[in-house]
Amino acid sequence: MQTQKKDIRALSKEELREFFVNIGDKAFRGDQVYEWLWKKGIHDFEGMTNLSKETRAQLESHFVINHIQVDSLQKSNDGTIKNAVKLHDGLIVESVLIPTKSRTTACVSSQVGCSLDCKFCATARLKRMRNLNPDEIYDQVVAIDKESRLYHDRPLSNIVFMGMGEPLMNYKNVLASIDKITNEEGLGMSPKRITVSTSGVPKMIKKMADDEVKFKLAVSLHSAIQETRETIMPFAKNFTLPALRESLEYWYAKTKSKITYEYVVWKGINDRKEDIEALVQFCKYVPCKVNLIEYNPIDDGDFQQAEDDAVDNYISRLEANRIPVTVRRSRGKDIDAACGQLANKQ
Ligand code: SAH
């Protein structure tokens, strides 16, 4: 029986070096292969042109390079591109390229489906099938960078972990992918250009602070009233606002990095005066800014975007309290590529 070949990208640089020593070759071949895999993002041994034919054949006999395939690509009339990404086992996730005047942002997925249950999110209706591996997250970034160069004539500038899944429920792999993306031996992107968005898992926020991560943190708050938050994000029963607050205070004390709160205003849910005051109060705990996101309707949803007046009230109360606030207009809505719409519809 043939034993299954190992995925070479599961090996560390040290392990690659050891492999070559064990087959009687030089350790530095490991460095060369590592560079092909993580700096050049290559998906086949044949393309590793500074290795001899024999070495490439040896690699071929021991390993595979599992990789993603962009299965289909949809273009929105605002320039947004959505990729349906096929994983080596046939499962599909989605990632999105969002161009603006000054930047191109990749919105990447961290899990197939999601284990959380936010009532307003299309991805929450898909069962969580599995976590993505570091290489599968890395590959999404490389694919979007290529598309950015091809269709927008410039490299990718920013990455947000706001696609499918909850990044902090796949923390180890998310961190490993960011290492490959930011490391000089990888893509060499600045961690300051990466934002990890979480629905708010206090224990993991503290862990990130302890790990002294250098990327930015966004928290999907949506309500600063426990009872309301529990209704729209039921998992918040276990991850309560006081625990979230404590973890964010811990995060800021350690990292000195401002937090972004993502917030959608819905009609009849969080558009009252007391909702606004609760948010203003919550924003006083830790230096932050608020990103008011436009609601992207999902099929049969019970949610509706609030009236402009309600959003304006939020803006003026936040501004009166010197809390920076931005309003994020949706991109890629016509192709179901906007926040919370990723549900493998195609
Ligand atoms: N699980 C992570 C990242 C994925 S969701 C998180 O919760 O942060 C990315 C962002 O889209 C979150 O802020 C989420 O609350 C928001 N979102 C989800 N569904 C949405 C919808 N239908 N309209 C607008 N934003 C939505």
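Atoms within a ligand are numbered from 1 in the order they appear, just like the ligands themselves.
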Out of all atoms in ligand 1, which are within 4.0 Å of some heavy atom of Gly163? Include the element for each.
4 (C)
Please list the nearest protein heavy atom to atom 19 (N) of ligand 1 with its residue and the distance rounded to 0.1 Å.
Gly340 CA, 3.0 Å
Closest protein heavy atom to atom 6 (C) of ligand 1, given as residue, atom name and distance to 0.1 Å
Ser220 OG, 3.3 Å
In the protein, which heavy atom is nearest to atom 25 (N) of ligand 1, and how far is it?
Cys339 CB, 3.4 Å
Using a strict cut-off of 4.0 Å, indicate which atoms of ligand 1 neighbour a heavy atom of Glu294.
24 (C)
May I have all residue pairs that pass salt bridge (charged side-chain N to carboxylate O under 4.0 Å, His left out) and include part of residues 247-265, sequence neighbours excluded?
Asp210-Lys254, Arg245-Glu249
Minimum-distance protein heavy atom relative to atom 23 (N) of ligand 1:
Asn296 N, 3.0 Å
Please report which non-hydrogen protein atom sits nearest to atom 9 (C) of ligand 1, along with the residue it belongs to and the distance in Å to one decimal place.
Met162 O, 3.5 Å
Salt bridge or not for Glu246 and Lys206, using N-O below 4.0 Å?
yes
Which of the atoms in ligand 1, numbered in the order shown and given with their element, are less than 4.0 Å from a heavy-atom of Phe120?
15 (O), 18 (C), 19 (N), 20 (C), 21 (C), 22 (N)
Would you say the ring centers of Tyr285 and Tyr252 fall short of 6.0 Å from each other?
no
Is the closest basic N to carboxylate O distance between Arg149 and Asp153 below 4.0 Å?
no
Which of the listed options, Gly165, Cys114, Ala124, Pro297, holds the heavy atom that is closest to atom 1 (N) of ligand 1?
Gly165
Are Arg317 and Glu277 ion-paired here, with the side-chain N under 4.0 Å from a carboxylate O?
yes
Is Arg9 salt-bridged to Asp139, going by a charged N under 4.0 Å from an acidic O?
yes
Could you list the atoms of ligand 1 found under 4.0 angstrom from a heavy atom of His222?
14 (C), 15 (O)
Of the backbone atoms (N, CA, C, O) and the side-chain heavy atoms from C-beta on, which set of Thr198 has a member under 4.0 Å from an atom of ligand 1: side chain, backbone, both, or neither?
backbone
Ignoring hydrogens and angles, state whether a donor on the side chain of Gln226 or Arg229 is under 3.5 Å from an acceptor on the partner side chain.
no
If the plane angle is over 60° it's perpendicular, under 30° parallel, otherwise tilted; pick one for Phe120 and Phe303.
perpendicular
Report yes or no: does a heavy atom of Met164 sit under 4.0 Å from some atom of ligand 1?
no
Regarding ligand 1, does Tyr295 bring an N or O atom to under 3.5 Å of one of the ligand's N or O atoms?
no
Just need the protein heavy atom nearest to atom 10 (C) of ligand 1, so name the residue and atom and give the distance.
Glu262 OE2, 3.8 Å
Protein residue, atom and distance nearest to atom 2 (C) of ligand 1, heavy-atom basis:
Ser197 O, 3.3 Å
Got a sec, which residues hit salt bridge (charged side-chain N to carboxylate O under 4.0 Å, His left out) with Lys13, two or more places apart in sequence or on another chain?
Glu185
Looking at Ser199, which atoms of ligand 1 are within less than 4.0 Å of one of its heavy atoms?
6 (C), 7 (O), 8 (O)
Is a donor on one side and an acceptor on the other found under 3.5 Å between the side chain of Thr231 and the backbone of Glu227?
yes
Does the ring center of Phe20 lie less than 6.0 Å from the ring center of Phe28?
no
Element-labelled atoms of ligand 1 that are located less than 4.0 Å from some non-hydrogen atom of Cys121:
18 (C), 19 (N)
